[in-house]
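This one's a predicted model, so the numbers in the text were calculated from it and none came from an experiment.
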Amino acid sequence: MANIRRDEITAILRQQIERLDADLNMEEVGVVVEVGDGIARVYGLRSALASELLRFPGEIYGLVLDLQEDSVGVALLGSDSEIKEGDEVRRTGDILSTPVGRGFLGRVVDPLGRPLDGEAAVEPEGQRNTDAKAPGVIRRQPVDTPVQTGIKCVDALTPIGRGQRELIIGDRRTGKTALAVDTIINQRGKDLMCVYVAIGQKSSTIAKVVDALRRYEALEHTVVVAAPAESPTPLQYIAPYTGCAMGEYFRDQGEDALVVFDDLSKHAVAYREISLLLRRPPGREAYPGDIFYTHSRLLERAARLADAHGGGSLTALPVVETKAGDITAYIPTNLISITDGQIYLEADLFNKGQRPAMNVGLSVSRVGGAAQVQAMKSVAGQLRLELAQYRDLAAFAEFAQELDEASRAQLARGERVMEILKQDQYAPLPVEEQVAVLYAAVSGLLDDLPPEAATSFERGFVGFLREHRGELLQSIGSTGELSDEGRQALEQAAHKFKEGFRA
């Protein structure tokens, strides 16, 4: 037998080991032990993280929402019909994120960024955590720049500022969605990017909103995130966070964005369903104990950043539905306490033909005049006074036998002001035209007209100003101020128009 040298054997082994290209991949695998109603219980994933994505068979993903000692509760972001007990589940190591970018403008997508409009998939410019932390106080600056909704009663009485959270609240079919859509339409050609989030609505309703945005050329600056009623409950739950992340992309680019959550009462119901299926203890009205935190951490992300951090803003318009006008219910009171004011739409006013059906007494903006241009602020003060006096007198007049001349005149002017505050859907007005019309109403220029003629007066007066006093409107719009000369010019224009006006 030939002598074998030990050093030769060692060298050969070392050479073989170095050449060995072993790609060892350690993977933690779990097993489905229970599945149903969009929730899966998975055993064996001891290292899974909260809000981590798990991959199920058929490329279906799930979101970890419940961490137990030996199992995790997972909300399935897709159909559970193909998932069964014993299926293997793998970790992705990724926290739930949202694709973002300008390519989403003009598109209708689901909460995972997948297209729902039949067009090609959007190529994202990046990813953002879906459930991100809100900016701290140091990174913010005061809200003092208006979001012009184009709706007279809102811009005058409950102004909305960039970075504010203004709640739209009311019973079903009182014009909540219409108000939000008109606000988006009014941003056409302006610098405010919009995100409309539809949660738990009928697909036909969402299609009507998209069609309206397209008809009025507002879809090109809007992202529509749709989680219709037939979509899995977990998708309805993450939809507002997705919309918020898409809006934050523009905010962090130093731009201004607006996000509409329509509506958070359905979002609360979706979260309640998930929590009960995960066997979390129910609280008031069977909602989980952290439902307040769920909405507050979403709405706190709306902010106007300081100039040192880009100066961008994200404005939130959450919508909530009440039952029989009860604004003291659990979810409405939660959201009222979180937001910076509310626009309360009343069913009785809507049925009487007052549209938008805003209850002036219960609607408020905690930003107030800080988010108004000077011209609107000067008119709005008198408008509030007229409406307050009208409400008091109208309540008194129901029981009074006779009223003095001054009280009757005050009631008459209030009736005309209420008529002027009416506005058609899909017809937002520029702020300078709002100022002109409201100034005419509160200055008594309509007092000699019958109340039912107020709407036709407004329509004709605006057309007259556009055609014959365009420089006056342009001055108010560009400077944001209504000078004494401007007031005189408006009064002269109103008198000139009234000479040929026929009700």
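- The pair Asp131-Arg297 meets the salt-bridge criterion, since a charged nitrogen lies less than 4.0 angstrom from a carboxylate oxygen.
- With respect to Asp144 and Arg304, a salt bridge is recorded, a charged nitrogen being found less than 4.0 Å from a carboxylate O.
- For Lys133, the salt bridge (Lys or Arg N to Asp or Glu O under 4.0 Å) criterion is met by no residue, not counting sequence neighbours.
- In summary, Asp348 and Lys352 do not engage in a salt bridge, as defined by a charged side-chain N under 4.0 Å from a carboxylate O.
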### Query
Where do Thr130 and Thr98 land on the side-chain hydrogen bond (donor to acceptor under 3.5 Å, both in side chains) test, with the steps shown first?
CA-CA 5 Å; Thr130 304; Thr98 298; 2.8 Å; yes
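- Annotation: cation-pi geometry not satisfied between Arg301 and Tyr241 (NZ/CZ under 6.0 angstrom from ring centroid, within 45° of ring axis).
- Between Leu314 and Cys244 the shortest heavy-atom distance is CD2-SG, 3.8 Å.
- For the 3.5 Å distance criterion, the side chains of Thr149 and Asp155 qualify, holding a donor opposite an acceptor.
- In this structure, the ring of His267 has its center less than 6.0 angstrom from the ring center of Tyr237.
- For the pair Arg279 and Asp66, the salt-bridge criterion is not met [side-chain N within less than 4.0 Å of a carboxylate O].
- Side-chain N/O atoms of Gln201 and Asp262 include a donor and acceptor closer than 3.5 Å.
- Contact check on Lys190 versus Asp256 returns no salt bridge, with no Lys/Arg side-chain nitrogen under 4.0 Å from an Asp/Glu carboxylate oxygen.
- Checking Leu76, Val89, Ile60 one by one against Leu54, the side-chain contact (heavy atoms from CB on, under 4.5 Å) holds for a single residue, Val89.
- Note on Lys323 versus Glu321: salt bridge recorded, some NZ/NE/NH1/NH2 to OD/OE distance being below 4.0 Å.
- Between Arg128 and Asp252 there is a salt bridge, with a side-chain nitrogen of the basic residue lying less than 4.0 Å from a carboxylate oxygen of the acidic one.
- Under the 4.0 Å criterion applied to side-chain N and carboxylate O atoms, Lys266 and Asp263 are assigned as salt-bridge partners.
- Geometrically, Arg355 engages Phe350 in a cation-pi contact, judged by NZ or CZ lying under 6.0 Å from the ring centre and within 45° of the ring axis.
- For the salt bridge (Lys or Arg N to Asp or Glu O under 4.0 Å) test, residues two or more places apart in sequence or in another chain that qualify with Asp117 are Arg107.
- Ala239 approaches Pro111 most closely through the heavy-atom pair CB-CG, 3.8 Å.
- In this model, a donor atom of one side chain and an acceptor atom of the other lie less than 3.5 Å apart for Glu230 and Ser203.
- Residues that satisfy the salt bridge (Lys or Arg N to Asp or Glu O under 4.0 Å) test with Arg140, not counting sequence neighbours, are Glu300.
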